[in-house]
Engineer: 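This structure is in structure tokens; I'll ask about it shortly.
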Amino acid sequence: MTAESDLAFDPWDPAFLADPYPAYAELRERGRVHWFEPTHQWLVPHHADVSALLRERRLGRTYQHRFTHEEFGRTAPPPEHEPFHTLNDHGMLDLEPPDHTRIRRLVSKAFTPRTVERLKPYVEGLAADLVSALVDAGGGDLLRDVAEPLPVAVIAEMLGIPEADRAPLRPWSADICGMYELKPSGESATKAVRASVEFSEYLRELIAERRAKPGDDLISGLIAAHDEDDDRLTEQEMISTCVLLLNAGHEATVNSTVNGWAALFQNPGQLAALRADHSLVPSAVEELMRYDTPLQLFERWVLDDIEIDGTVIPRGAEIAMLFGSANHDPAVFTDPARLDLTRADNPHISFSAGIHYCIGAPLARIELAASMRALLKQAPTLRLAEEPKRKPNFVIRGMEGLAVEV
């Protein structure tokens, strides 16, 4: 175990945010678990430990199914944050069995592989149109013009949100996701609460419309989903599920797209190989998600004492699993700092693992492949127009923009 003051890990340092991977290498070399005082968390940097802990039932995304805040030694969130926590705490990402099991089973009845596959022509057509507009303009911001509108439109289409209502979706999502950073500011909390209220009110009205007039969209499917005991999702569970699908379903895709293309521009040999052989797209998608991981950290509460490498981590503690570090662990990945689009053995954990494995992973892969193929086909000379600027965020790793020209 290493004390926080001795670590290179500093999630608020611009130099660290620009490239956290050397600091991760130091963490891995210095041990399997490290106490980080500023956030009162135990950092876990190794792939084997992160993979095992994602499946560890003594950890949980919540503790409230077993303990009160007081019993767990934690302070309840401020009352003014209640709308955010109501929204967040009823989504399956932040629930544990049996609630998680029930909700995921019901959502899976509506969010089927067939539903995802049916969207593929829409995804590919929209990606082609967005890239075509970028090419016609001679370039632009890859983030604003392609990476963001594609997954937002796809999730909106899946949920059945009318086109006229889609403009607030990305801002709502961005404001809500601001609360997932380490030690979010008061301003971030205020924005997240406001977005939670507005998004929930909108979805409540939309769900009421679908109850009266069902369609073939996912919201209608969530309303209809039931099990053999006729158990159904509550209205709040449906609202939280829709918000989770939007947030998780597009944040990872947006950031994987811009992080990935930035990495390709920095590795011209790999980009040239991809342009010469479009059959590399599936393995390229996986490698780019590993190489610059869109979700760098995933938190779990310790529900019962566990031990990591001789260090007992007590009930009530919080563990921060470093996905970005795990994806660069040389014990699992040969030459992990090298971008290799042909990497065959690639067990990255960018989609998590265990019961919280990303339910939208198949859709994310379709979206990432569709935009990549469209850019390779229509913009074979795409290049950076200016040096990209990173967002000052750590947990959700992305760019302020990615200016490109054709």
Engineer: In chain order, what residues pass the side-chain hydrogen bond (donor to acceptor under 3.5 Å, both in side chains) check against R66, with sequence neighbours excluded?
Structural biologist: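 R66: side-chain hydrogen bond (donor to acceptor under 3.5 Å, both in side chains) contacts with D304.
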Engineer: Could you check whether the rings of F36 and F9 sit parallel, tilted or perpendicular, using 30° and 60° as the cut-offs?
Structural biologist: perpendicular
Engineer: For K377, is the NZ atom crowded, meaning more than 12 foreign heavy atoms sit under 6.0 Å from it?
Structural biologist: no
Engineer: Scan T112, L218, L233 and name whichever one has a side chain to side chain contact (heavy atoms under 4.5 Å, CB included) with V107.
Structural biologist: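 The side chain to side chain contact (heavy atoms under 4.5 Å, CB included) with V107 is passed solely by L233 among T112, L218, L233.
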Engineer: Do H328 and Y21 have ring centres separated by under 6.0 Å?
Structural biologist: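 Yes, ring centres under 6.0 Å apart.
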Engineer: Hey, are R170 and E251 close enough for a salt bridge, meaning a charged N less than 4.0 Å from a carboxylate O?
Structural biologist: yes
Engineer: State, yes or no, whether a side-chain contact exists between P97 and R57 at a heavy-atom distance under 4.5 Å.
Structural biologist: yes
Engineer: So if I apply the side chain to side chain contact (heavy atoms under 4.5 Å, CB included) rule between S132 and each of D136, L130, L134, which one comes out positive?
Structural biologist: D136
Engineer: Just checking H356 against H100, ring centres under 6.0 Å apart?
Structural biologist: yes
Engineer: Can you find a heavy atom in the side chain of I219 that is under 4.5 Å from one in the side chain of L159?
Structural biologist: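 Yes, at least one pair of side-chain atoms sits under 4.5 Å.
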Engineer: A cation-pi test, strictly: NZ or CZ of R194 under 6.0 Å from the centre of the six-membered ring of F199 and no more than 45 degrees from its axis. Yes or no?
Structural biologist: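 R194 over F199 ring: no.
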Engineer: With K191 as the cation and W172 as the aromatic partner, state whether NZ or CZ is under 6.0 Å from the six-membered ring centre and within 45° of the axis.
Structural biologist: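 Ring-cation test returns no.
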Engineer: I'd like to know if R300 pairs up with E318 as an ion pair, taking the criterion as any Lys NZ or Arg NE/NH1/NH2 lying under 4.0 Å from an Asp or Glu carboxylate oxygen.
Structural biologist: no
Engineer: What I want to find out is whether E287 reaches R343 closely enough, with some N-O distance under 4.0 Å, to be called a salt bridge.
Structural biologist: yes
Engineer: Between F351 and H348, how do the two ring planes meet: parallel, tilted or perpendicular, split at 30° and 60°?
Structural biologist: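 It falls in the tilted class, 30° to 60°.
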Engineer: Compare all side-chain heavy atoms of H34 with those of P45 and state whether any distance is below 4.5 angstrom.
Structural biologist: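 Yes, close enough: below the 4.5 Å cut-off.
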Engineer: Considering only heavy atoms from C-beta outward, does the side chain of F72 approach that of Q64 to under 4.5 Å?
Structural biologist: no
Engineer: Side chains of Q41 and T39 only: does a donor on one sit below 3.5 Å from an acceptor on the other?
Structural biologist: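 A donor-acceptor contact under 3.5 Å links the two side chains.
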Engineer: Verify side chain to side chain contact (heavy atoms under 4.5 Å, CB included) between L295 and R397, making sure each step is shown before the conclusion.
Structural biologist: CA-CA 6 Å; L295 180 68; R397 182 169 172 80; over 6 Å; no
Engineer: Are any of the side-chain heavy atoms of F298 and V50 separated by less than 4.5 Å?
Structural biologist: no
Engineer: Can you check whether L182 reaches V395 side chain to side chain, under 4.5 Å on heavy atoms?
Structural biologist: yes
Engineer: In terms of heavy-atom contacts, does CD of E187 have more than 12 from other residues, nucleotides or ligands at under 6.0 Å?
Structural biologist: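 Result for CD/E187: open.
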Engineer: Just one of W12, F323, F16 clears the ring pair (Phe, Tyr, Trp, His ring centres under 6.0 Å) bar with F394, so which one?
Structural biologist: F16
Engineer: Answer yes or no: is there an ion pair linking R204 with E235, defined by an N-O contact shorter than 4.0 Å?
Structural biologist: yes
Engineer: Would R290 and F333 count as a cation-pi pair here, with the cationic atom under 6.0 angstrom from the ring centre and within 45° of the axis?
Structural biologist: yes
Engineer: Applying side chain to side chain contact (heavy atoms under 4.5 Å, CB included), run through W35 and H40 and close with a yes or a no.
Structural biologist: CA-CA 7 Å; W35 173 250; H40 296 94; 3.8 Å; yes
Engineer: Would you mind checking if R61 and E299 are paired as a salt bridge, meaning a charged N to carboxylate O distance below 4.0 Å?
Structural biologist: no
Engineer: If you count every heavy atom of other residues, nucleotides or ligands that lies below 6.0 Å from E80 atom CD, does the total exceed 12?
Structural biologist: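 For E80, atom CD is crowded (more than 12 foreign heavy atoms under 6.0 Å).
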Engineer: Apply side chain to side chain contact (heavy atoms under 4.5 Å, CB included) to Y180 and N88, showing your working.
Structural biologist: CA-CA 10 Å; Y180 302 137; N88 187 69; 2.8 Å; yes
Engineer: Measure the CD-CG distance between E148 and L169 for me, rounded to the nearest 0.5 Å.
Structural biologist: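 Here the rounded value is 12.0 Å.
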